[in-house]
**Student:** 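First the structure, which I've put down as structure tokens, then a few questions once you've had a look.
So that the names make sense, note that chain A is the first sequence line, chain B the second, and so on, each numbered from 1.
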Amino acid sequence: MKLDPQLPSGPIHDAWTQRRRELPLISPINKRRFKVLVVGSGLAGASAAATLAEQGFRVTLLTYHDSPRRAHSVAAQGGINAARNYQNDGDSVERLFLDTVKGGDFRAREAGCHRLAEISGAIIDQCVAQGVPFAREYGGTLANRSFGGALVSRTFYARGQTGQQLLYGAVQALLRQVDAGRVELLTQRDVLDLITVEGVARGVVCRVQASGRLEAHTAHAVLLASGGYSNVFHRSTNAVKSNASAIWRAHRRGAAFANPCFTQIHPTCIPSGDPGQSKLTLMSESLRNDGRVWLPAQAGDARPPHAIPEAERDYFLERQYPTYGNMAPRDVASRRARERCLEGHGVGPGGRSVYLDFSDTIRREGRAAIESRYGNLFAMYERITGSDPYAEPMRIYPAPHYTMGGLWVDYNLMSTIPGLFVLGEANFSEHGANRLGASALMQGLADGLFIAPATVSGWLAGHLHTEVSADHPACRDSIAAVQARIDGLGSTSGGHSCDSLHRQLGDTMIGACGISRHADGLRAAMAEVRELELAFAQELRLPEPRAGRNPELEKALRLEDFLQLAGLMLRDALAREESCGAHFREEHQSADGEALRNDDNFCHIAAWQWTGEGQEPTRHCEPLHYRHATPSRRNYR
Amino acid sequence: MSSASLRLTLRIWRQESPRQPGAFVSYPLEELSPDLSLLEALDRLNEQLLMAGERPVSFDHDCREGICGACGFMVNGQAHGPQRATSVCQLYLRHFRDGNKLTLEPWRARAFPLQQDLSVDRSAFDRVLAAGGYVSVNTGSAPAANALLVGREQAEQAFAAASCIGCGACVAACPNASASLFVAAKLGHLALLPQGQPERQRRSAALQSAMAAEGFGSCSNQLECAAVCPKEISADWISRMNRSG
Ligand SMILES: Cc1cc2nc3c(=O)[nH]c(=O)nc-3n(C[C@H](O)[C@H](O)[C@H](O)COP(=O)(O)OP(=O)(O)OC[C@H]3O[C@@H](n4cnc5c(N)ncnc54)[C@H](O)[C@@H]3O)c2cc1C
Ligand code: SF4
Ligand code: FES
């Protein structure tokens with residue numbers, strides 16, 4: 001397998017402009033002859049579909065939701081970054097670029113990070129023009145706030161519902177193209193396989209959820225924008241149906257999977273109470289602007305929070321990281337919280353949470369100020385836990401949140417399968433080993449609004465002749481393969497439900513491949529995952545009949561992919577003998593417990609190649625070069 | 001978080017497909033933690049049904065944090081259940097008493113055809129929005145963001161209208177199955193922003209006629225919609241729509 005990142009030569013500062021100049025153009029008349037398939041209607045997919053349609057391509061968008069507005073991007077709370085320096089605090093494209101590279105612990109490509117920072121400003125312009133109601137100052141200009149891991153205020157937001165408002169903007173642009181007849185919107189379609197002809201992506205197979213019918217859709221290019229795979233952990237901040245199927249099946253068809261073990265564990269989530277709980281809920285990182293994290297200084301102190309005097313509280317982030325304090329980056333804050341809890345200082349059920357306390361800010365600025373900033377988040381917290389965060393501190397604990405790994409793509413967002421482009425959280429790009437807050441929305445929109453429309457169009461310019469029809473043997477084969485998979489799923493009278501197997505997979509993965517990892521744990525987890533795969537194959541219980549609407553079957557198809565992906569995540573974590581960003585290998589840490597990178601041996605992207613059922617996958621490396629940012633040890637102290 | 005446990009009886013509308021007849025079936029559930037959500041109780045029931053060889057109950061859901069708008073059914077005759085400003089995924093069992101009996105049934109409206117059990121098809125909403133619920137601007141041609149000044153109060157108001165999640169509870173609660181609150185919220189959001197002005201009249205006419213064409217009823221000021229809306233969208237938006245288009 002050849003990994004050519006297609007990096008632009010020449011100076012980084014105008015590399016993207018240069019690349020756009022080089023990409024061939026297609027005449028407006030010819031654009032109509034091309035068809036593009038987009039999987040997913042999140043920020044990345046909806047904006048790519050709308051923009052490509054505006055340009056004149058024929059677009060089909062597939063999503064398993066009943067409406068594009070329900071894509072998981074809708075849940076993003078905190079905000080979106082852009083280097084606009086509206087606050088005159090010294091922000092710039094250069095600084096956002098450097099923060100992104102450093103935040104990712106030097107495991108992302110410089111050129112991609114620079115392009116992201118460069119495009120960020122235009123994203124805000126576009127969203128405002130679409131009618132996104134961002135927060136404003138009294139004078140009418142846009143307001144900003146700051147986010148973890150950054151010292152400037154560059155985050156644009158719409159109360160605690162930024163993702164919702166951005167997604168509605170993108171979906172409205174999409175629906176405008178639907179109305180114009182340029183986008184065919186196919187909802188309630190589960191994409192289950194990729195169709196390739198002579199190694200080139202030509203379409204996808206999907207299952208119509210209402211009827212169970214399998215369909216093949218073909219096109220000149222396929223764009224996967226199917227989101228992240230944190231649900232491999234079962235309980236995560238992702239929506240319950242977020243999955244890895246589209247990218248995993250493309251991986252099995254030849255797309256390299258990059259850095260699968262890089263999972264961000266978010267420090268501010270509502271901890272889980274009952275084992276029957278289906279997901280974990282994020283409390284936006286922006287809360288850390290005004291909340292102080294603490295635990296009782298005395299281990300095992302069971303007094304209620306207000307009964308613990310100031311002197312007996314340990315504001316451990318402020319103590320350990322005087323510069324960043326409560327705004328320390330996510331991986332750091334998560335690790336410190338876990339450690340303190342393991343040492344017996346934790347509060348709540350099982351001692352598995354820390355306090356996030358707003359009483360100082362409420363005293364200083366009044367309840368109304370907090371209410372206007374975070375009202376909906378506070379209401380959500382109260383609803384879920386039954387406790388009032390205005391009156392007592394929130395309890396929070398880290399939870400799997402965002403996957404930096406995903407399908408490998410080059411600078412043009414093309415995977416190792418020609419004609420297959422991957423956008424948003426589904427690809428691995430830009431964030432390196434750790435993602436800065438508020439930069440996933442930025443990446444999704446950069447990919448969808450600006451990058452893919454240019455590069456997909458550039459690629460298509462050379463491939464007009466290649467559309468295959470839906471009765472092509474490759475389509476029939478793919479459909480037959482999916483049908484065989486569905487027919488072969490489990491014994492219907494087995495003793496395991498999908499949910500119970502998924503819960504077990506989650507427990508294994510969070511224990512061995514969560515905030516902290518070590519070789520023995522990873523090896524043991526591999527064996528456990530193999531056992532779960534066996535249980536899945538032999539003892540899964542599915543309802544009869546398999547045809548028609550069947551949510552359990554949908555779960556089973558997703559879980560099978562998660563089980564396989566889990567194996568790859570564990571392998572990747574084991575192979576990366578260093579600590580970097582969100583990947584913390586206990587064997588590799590400094591005397592004061594900070595992550596210890598190994599730039600000599602691991603300054604690369606690991607891209608895995610599928611080699612067949614039951615075979616060891618092959619690990620390839622794409623070396624990373626730093627010319628503008630000097631790899632330094634991340635130091636937030 | 002409490003350690004008490006609850007017994008509930010769920011009386012659920014079961015209907016395999018739109019063509020088959022439906023009926024209520026009662027299911028007792030025991031030892032439920034009050035910290036579970038109602039949807040998590042349904043997960044539990046479904047696991048039991050599956051193991052007993054019966055077909056699990058279909059219901060819509062995804063984010064389970066009150067923002068995607070996928071969930072929604074009637075609980076004891078109320079859209080999204082008894083809790084104010086709460087989507088059904090955020091309805092926790094601590095609000096019920098031991099021994100309570102809950103009747104769960106799908107949204108009923110001509111424009112929302114039933115799919116299975118508690119699940120209905122709300123794609124009519126998207127077809128209404130596609131008729132003009134947007135600002136027509138192509139990518140890459142946007143003016144500088146701060147060139148458009150929007151007062152803070154106005155931005156807040158636009159945001160309040162824009163926060164509708166498209167769940168359809170307003171339609172289900174309305175005796176006429178009108179989509180007025182949904183449509184008025186979208187119109188209100190875009191009408192409050194300078195970006196939305198040029199197409200304002202056209203948008204209003206297009207959305208209102210698309211709403212009628214999809215089979216939604218008209219508004220007769222019952223205000224049931226605003227009472228059940230999980231996002232507390234105010235019925236004032238409907239008056240605004242009627243006043244100024
Ligand atoms: C709770 C939460 C809060 C967050 N807050 C922030 C924040 O404040 N700032 C920030 O920058 N980032 C935030 N993030 C991260 C960010 O929201 C996501 O990374 C981003 O929205 C992903 O967008 P996407 O377009 O790549 O995918 P998604 O929005 O996840 O969309 C995926 C789409 O693919 C479709 N799909 C998936 N699989 C299939 C399949 N097999 N077949 C058919 N369709 C499929 C889905 O239906 C959906 O339409 C947050 C994430 C979470 C979970
Ligand atoms: S107006 Fe309220 S009830 Fe109606 S769809 Fe929107 S959020 Fe749901
Ligand atoms: S499941 Fe998303 S709003 Fe209820």
**Student:** So for A:Gln277, is it side chain, backbone, both, or neither that comes closer than 4.5 Å to the heavy atoms of chain B?
**Tutor:**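 Backbone plus side chain of A:Gln277, per the 4.5 Å heavy-atom cut-off to chain B.
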**Student:** Just wondering, more than 12 heavy atoms not from B:Gln20 lying within 6.0 Å of its CD?
**Tutor:**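 Atom CD in B:Gln20 is packed in, count exceeds 12.
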**Student:** With a 4.5 Å cut-off on heavy-atom pairs, point out which of A:Arg541, A:Lys241, A:Glu137 contacts chain B the most.
**Tutor:**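 With the most close heavy-atom pairs to chain B, the winner is A:Arg541.
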**Student:** Please classify the contact between B:Ala85 and chain A as side chain, backbone, both or neither, with a heavy-atom cut-off of under 4.5 Å.
**Tutor:**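 Both the backbone and the side chain of B:Ala85 come within 4.5 Å of chain A.
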**Student:** Do the side chains of B:Thr139 and A:Pro453 get nearer than 4.5 Å, heavy atoms only?
**Tutor:**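 When only atoms from C-beta onward are counted, B:Thr139 and A:Pro453 do not touch, as no gap falls below 4.5 Å.
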**Student:** Heavy-atom cut-off 4.5 Å, strictly under: side chain, backbone, both or neither for B:Ser17 against chain A?
**Tutor:**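 Contact with chain A: none, neither part.
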**Student:** Name the member of A:Ile124, A:Val178, A:Asp66 that forms the most heavy-atom pairs with chain B at distances under 4.5 Å.
**Tutor:**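 So the answer, after comparing A:Ile124, A:Val178, A:Asp66, is A:Asp66.
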**Student:** In terms of heavy-atom proximity below 4.5 Å to chain A, should B:Ser136 be classed as side chain, backbone, both, or neither?
**Tutor:**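 Both backbone and side chain of B:Ser136 come within 4.5 Å of chain A.
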**Student:** If the test is side-chain contact (heavy atoms from CB on, under 4.5 Å), which one of B:Leu8, B:Leu32, B:Leu6 qualifies with B:Asp98?
**Tutor:**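 Exactly one candidate clears the test, B:Leu6.
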**Student:** Counting only heavy atoms closer than 4.5 Å, note whether A:Thr237 contacts chain B via side chain, backbone, both or neither.
**Tutor:**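 The answer is the backbone of A:Thr237.
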**Student:** Between A:Gln165 and chain B, which part of the residue has a heavy atom less than 4.5 Å away: side chain, backbone, both or neither?
**Tutor:**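 The side chain, not the backbone.
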**Student:** Could you tell me whether B:Arg14 atom CZ has more than 12 heavy atoms of other residues or ligands within 6.0 Å of it?
**Tutor:**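 Yes, because the 6.0 Å sphere around CZ of B:Arg14 holds more than 12 heavy atoms from other groups.
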**Student:** Under 3.5 Å, is there a donor-acceptor pair linking the side chains of B:Ser123 and B:Asp121?
**Tutor:**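 Indeed, the side chains of B:Ser123 and B:Asp121 share at least one donor-acceptor pair under 3.5 Å.
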**Student:** How close do B:Leu91 and B:Pro82 get, heavy atom to heavy atom, and via which atoms?
**Tutor:**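 Reported closest heavy-atom pair: CD2-CD, 4.0 Å.
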**Student:** What part of A:Thr187 gets within 4.5 angstrom of chain B, counting heavy atoms only: side chain, backbone, both, or neither?
**Tutor:**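 Answer is neither: A:Thr187 stays 4.5 Å or more from chain B.
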**Student:** Looking at B:Arg7, I'd like to know if its CZ atom is crowded, meaning that more than 12 non-hydrogen atoms belonging to other residues, nucleotides or ligands lie closer than 6.0 Å.
**Tutor:**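 No, not enclosed.
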**Student:** Looking at B:Leu192, B:Ile165, B:Leu129, B:Asp43, which one has more heavy-atom pairs under 4.5 Å with chain A than the rest?
**Tutor:**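 Option with the top pair count is B:Ile165.
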**Student:** Check whether any side-chain heavy atom of B:Cys164 lies under 4.5 Å from a side-chain heavy atom of B:Lys186, and answer yes or no.
**Tutor:**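 No, every pair of side-chain atoms sits at 4.5 Å or beyond.
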**Student:** Which atoms of A:Tyr168 are under 4.5 Å from chain B, going by heavy atoms: the side chain, the backbone, both sets, or neither?
**Tutor:**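 Just the side chain, heavy atoms under 4.5 Å.
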**Student:** Taking the side chain as C-beta and beyond, is there a heavy-atom pair between A:Thr141 and A:Arg136 under 4.5 Å?
**Tutor:**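 They are not in contact (no side-chain heavy atoms under 4.5 Å apart), so the answer is no.
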**Student:** Which one wins on heavy-atom pair count under 4.5 Å against chain A: B:Glu40, B:Gln157, B:Gln195?
**Tutor:**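 Going by pairs under 4.5 Å, I would pick B:Glu40.
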**Student:** Could you tell me whether A:Asp179 and B:Arg127 have a side-chain N and a carboxylate O separated by less than 4.0 Å?
**Tutor:**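 Between B:Arg127 and A:Asp179 there is no salt bridge, as every charged N stays at least 4.0 Å from the carboxylate O atoms.
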**Student:** In terms of heavy-atom pairs under 4.5 Å, which option from B:Pro143, B:Pro194, B:Gly66 contacts chain A the most?
**Tutor:**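 Of the candidates given, the most pairs with chain A belong to B:Pro143.
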**Student:** Report the option among A:Ser278, A:Ala122, A:Gly131, A:Gly495 that has the most heavy-atom pairs separated by less than 4.5 Å from atoms of chain B.
**Tutor:**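 Greatest number of close heavy-atom pairs with chain B: A:Ser278.
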**Student:** Check whether B:Glu65 gets within reach of chain A through its side chain, its backbone, both or neither, counting any heavy atom under 4.5 Å.
**Tutor:**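 Contact with chain A: backbone and side chain both.
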**Student:** Checking heavy atoms, do the side chain of A:Gln77, its backbone, both or neither come under 4.5 Å from chain B?
**Tutor:**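 Looking at A:Gln77, just its side chain touches chain B.
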**Student:** Against chain B, label A:Ala158 side chain, backbone, both or neither, depending on which of its atoms sit under 4.5 Å from a heavy atom there.
**Tutor:**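 Both the backbone and the side chain of A:Ala158 come within 4.5 Å of chain B.
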**Student:** For the interface with chain A, which of B:Gly151, B:Ala70, B:Ala155 has the highest count of heavy-atom pairs at distances below 4.5 Å?
**Tutor:**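 That would be B:Ala70.
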**Student:** Evaluate the side-chain proximity of A:Gln188 to A:Arg549: yes if any heavy-atom separation is below 4.5 Å, no if none is.
**Tutor:**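 A side-chain contact under 4.5 Å exists here.
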**Student:** Taking side chain as everything from C-beta outward and backbone as N, CA, C, O, which of these in B:Leu190 sits under 4.5 Å from a heavy atom of chain A? Side chain, backbone, both or neither.
**Tutor:**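 For B:Leu190, the side chain is the part near chain A, not the backbone.
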**Student:** With a 4.5 angstrom heavy-atom cut-off, which part of A:His65 approaches chain B: side chain, backbone, both or neither?
**Tutor:**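 For A:His65, the side chain is the part near chain B, not the backbone.
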**Student:** Counting heavy-atom pairs under 4.5 Å to chain A, which of B:Asp126, B:Asp60, B:Leu49, B:Leu193 comes out on top?
**Tutor:**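 Winner by heavy-atom pair count: B:Asp126.
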**Student:** Is the distance between the ring centroids of B:Phe216 and B:Phe125 under 6.0 Å?
**Tutor:**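 Ring-ring flag for B:Phe125/B:Phe216: true, centres closer than 6.0 Å.
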**Student:** Counting only non-hydrogen atoms closer than 4.5 Å, does B:Arg44 touch chain A with its backbone (N, CA, C, O), its side chain (CB onward), both, or neither?
**Tutor:**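 The answer is neither part of B:Arg44.
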**Student:** Non-hydrogen atoms of chain A under 4.5 Å away: do they reach the side chain of B:Glu156, the backbone, both or neither?
**Tutor:**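 Answer is both: backbone and side chain atoms of B:Glu156 are under 4.5 Å from chain A.
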**Student:** In terms of heavy-atom proximity below 4.5 Å to chain B, should A:Gln164 be classed as side chain, backbone, both, or neither?
**Tutor:**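 It is the side chain, since no backbone atom gets that close.
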**Student:** Looking at B:Leu149, B:Val150, B:Val137, which has the largest count of heavy-atom pairs under 4.5 Å with chain A?
**Tutor:**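 Heavy-atom pair counts peak at B:Val150.
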**Student:** For this output row, return yes or no: ring centroids of A:Phe134 and B:Phe159 closer than 6.0 angstrom.
**Tutor:**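 No, ring centres 6.0 Å or more apart.
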**Student:** Check each atom of A:Tyr64 against the heavy atoms of chain B and say whether the ones under 4.5 Å are side chain, backbone, both or neither.
**Tutor:**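 For A:Tyr64, the contact with chain B is made by the side chain alone.
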**Student:** Flag the pair A:Val240 / B:His61 as yes when at least one side-chain heavy-atom distance between them is below 4.5 Å, and no otherwise.
**Tutor:**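 A:Val240 vs B:His61: side chains touch.
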**Student:** Do B:Pro18 and B:Gln115 have side chains that approach each other closer than 4.5 Å (heavy atoms only, starting at C-beta)?
**Tutor:**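 Contact flag for B:Pro18/B:Gln115 side chains = no.
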